[in-house]
Each structure stands twice: as structure tokens, then as C-alpha cells.
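Computation of the quantities below employed the complete heavy-atom set of this structure, encompassing side-chain atoms and omitting hydrogens, waters and symmetry-equivalent molecules.
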Amino acid sequence: MEKIELICGTAIPLLLDDIDTDRIIPARYLRCVTFEGLGEHVFKDDRKQHPTTHPFDDSRFHGASILVSGRNFGCGSSREHAPQALIRFGIKACVAESFGEIFFGNCTSLGVACVCLSRESLEKLAAAIERKPQLEVTVDLVAGMVRYGDTSAPFKMPAGARKALVTGEYDFLGQLLAAESEIRETASKLPYVLNFA
């Protein structure tokens, strides 16, 4: 199981409030059989409306792995496609004032760290990114800090989600595979499993 303790990289500033999952990935892309290719459609409708100014189309932020947004990011429907699209775009962590509850849970179960900063700290971070797009931002899950340049800001994150990421326990399939021998041993003792032979 992969432990996620530090996420380092450049960032995309999208400091808007109440961005829902329909905006992150429009409904017409939910019919996919796999999540592959969703990254190119993230914020598709917003990007069409603002083709030269949307941060996800701005070459200054190309290759960024951290998204900086506002209050209630990922609100709306429960679609797993929203974090899947962000992952396939290259996002590994989201920093915002707050998150939609289901979106937050989906991100955590997929290994994407979602941490909350105060509005003042977010505004300072977004401004620093705008001034210097190649600024390295670090989300330190162990220390509970977001760092960039000479600045550090403490973040908030539910303890259970933080523990799941730093221990690797968010990876339920990994946990299952790690327990293969115990599962086989238990299955070998269950008569309703043995009778299928």
C-alpha cells in the first residue's frame, strides 16, 4: 500500500466558491466504460466559455499537480468521475477552504489529499502562484502544513482521512491483497465456499 505523506509540485489557482462536480466533469462524460481519458474533459464547459483565460488551459500552469480553490469545492452530485478526471489531468492534492463531503470521501479513497486552509491563506497562496507559476507548493500531511517559498500555513483535515493517507490504508484493494493469505485460510474453513469445488 502506498503511503502518501508529501505532495510536492506546482499548482493551479482556481479560487472560486461552490464549484460542483457537474462543472468539474460535465454529465455527458459519465457514460464512459473506464475513467481513462477523462482528464482532457475536466472543466470542459468552463474552459469553452473562457478559452483563453481558464487556469486549466493556461500554459503557465501546465504540469501542475496541486489545485487551489475556494469554499465548498466538489459540492453537488456524488460522481466518482470528478476526482477521477482531476487525477487523470495530473492533480494529486486539492487545497481549498472547504469541500463537498462526498467529493472529499471519494478523493481520499483514491489517494488524493484534500486539505483546508483559511480564506486569507488561500488568497495569499493563489496570489503567490499567479506571480510565480513555477512556485513549488508542498502539502505535508505529516506536519499538517502547506508550504511554498518562505511561507507555511497550517491546514485542517479530518484525522481519519489524514491517517488513511499517511498509512496507506485508503487503498482498500491494497489492504485486501495484503491480507490474501488470511483470506485464503479463512475461506478454506468455510463449508459454503468449499462446496463450490
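- Considering only residues two or more places apart in sequence or on other chains, Glu182 meets the side chain to side chain donor-acceptor pair (under 3.5 Å) condition with none of them.
- Surrounding NZ of Lys124 are at most 12 heavy atoms belonging to other residues, nucleotides or ligands under 6.0 Å away.
- Under the side chain to side chain donor-acceptor pair (under 3.5 Å) criterion, Ser121 pairs with Ser118, not counting sequence neighbours.
- Legend: salt bridge (charged side-chain N to carboxylate O under 4.0 Å, His left out) pairs involving residues 52-62, not counting sequence neighbours, sorted by first then second residue: Arg47-Asp57, Asp58-Arg60, Arg60-Glu130.
- No side-chain heavy atom of Leu141 sits less than 4.5 Å from a side-chain heavy atom of Leu6.
- The list of side-chain hydrogen bond (donor to acceptor under 3.5 Å, both in side chains) pairs with a residue in residues 153-166, not counting sequence neighbours, reads Lys163-Glu169.
- Counting all heavy atoms, side chain and backbone alike, Ala93 lies closest to Val139 at CB-CG2, 4.3 Å.
- With values rounded to the nearest 0.5 angstrom, Leu135 atom CG is found 6.5 Å from Ile129 atom CD1.
- Note that CZ of Arg88 and OG1 of Thr34 are 7.5 Å apart. Values are rounded to the nearest 0.5 Å.
- Under the 4.5 Å side-chain criterion, counting only non-hydrogen atoms from C-beta, Val137 is in contact with Val146.
- When all heavy atoms are compared, the tightest approach of Leu165 to Gly111 is CD2-CA, 3.8 Å.
- One distance of note links NZ of Lys92 with CG of Leu67; it measures 14.5 Å at 0.5 Å rounding.
- When all heavy atoms are compared, the tightest approach of Leu117 to Pro154 is CD2-O, 3.4 Å.
- Judged purely by atom type and a 3.5 angstrom limit, Ser65 has no side-chain atom pairing as donor or acceptor with the backbone of Ile91.
- For residues 68-78, the set of pairs meeting the salt bridge (charged side-chain N to carboxylate O under 4.0 Å, His left out) definition, not counting sequence neighbours, comprises Asp17-Arg71, Asp18-Arg71.
- Sorted by first and then second residue, the ring-ring contact (aromatic ring centres under 6.0 Å, His included) pairs with a member in residues 118-170 form an empty list; sequence neighbours excluded.
- For residues 142-153, every residue pair satisfying the salt bridge (charged side-chain N to carboxylate O under 4.0 Å, His left out) rule, not counting sequence neighbours, is listed here: Asp140-Arg147.
- Contact check for Glu36 versus Leu38: no side-chain heavy atoms found under the 4.5 Å cut-off.
- Between Glu123 and Leu15, some side-chain heavy-atom pair lies under the 4.5 Å cut-off.
- Residue pairs meeting the ring-ring contact (aromatic ring centres under 6.0 Å, His included) criterion with at least one partner in residues 7-35, sequence neighbours excluded, are Tyr29-His41, Phe35-His81.
- Contacts of Gln49 classified as side chain to side chain donor-acceptor pair (under 3.5 Å), with partners at least two apart in sequence or in another chain: none.
- Across Thr21 and Ala82, no two heavy atoms sit closer than the pair CG2-CB, 3.8 Å.
- Using a 4.5 Å heavy-atom cutoff, the side chains of Phe56 and Val42 are in contact.
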From CA spacing to verdict: side-chain contact (heavy atoms from CB on, under 4.5 Å), Ile66, Thr10: CA-CA 6 Å; Ile66 297 171; Thr10 57; over 6 Å; no

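- One finds the CG atom of Leu190 at 11.0 Å from the CD atom of Glu185 (value rounded to the nearest 0.5 Å).
- Under the 4.5 angstrom side-chain criterion for Ile, Leu, Val, Met, Phe, Trp and Tyr, the cluster partners of Leu110 are Ile87, Val112.
- Under the 4.5 Å side-chain criterion, counting only non-hydrogen atoms from C-beta, Arg23 is in contact with Leu16.
- Between the CG atom in Leu14 and the CG atom in Asp46 there is a gap of 8.0 Å [rounded to 0.5 Å].
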Solution key, residues 94-107 side-chain donor-acceptor pairs under 3.5 Å, sequence neighbours excluded:
| residue | atom | partner | partner atom | Å |
| --- | --- | --- | --- | --- |
| Glu97 | OE1 | Arg119 | NH1 | 2.9 |
| Ser98 | OG | Asn72 | N | 2.8 |
| Asn106 | ND2 | Ser78 | O | 3.1 |

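- Partners of Glu40 under the side chain to side chain donor-acceptor pair (under 3.5 Å) rule, at least two apart in sequence or in another chain, do not exist in this structure.
- With a 6.0 Å radius and a threshold of 12 heavy atoms from other residues, nucleotides or ligands, Arg28 has its CZ atom above the threshold.
- Looking at heavy atoms from C-beta onward, Ile24 lies in side-chain contact with Phe73 at the 4.5 angstrom threshold.
- Note that CE of Met157 and SG of Cys114 are 6.5 Å apart. Values are rounded to the nearest 0.5 Å.
- Phe89 and Leu30 fall into different hydrophobic clusters, where Ile, Leu, Val, Met, Phe, Trp and Tyr are joined by side-chain heavy atoms under 4.5 Å apart, directly or via other members.
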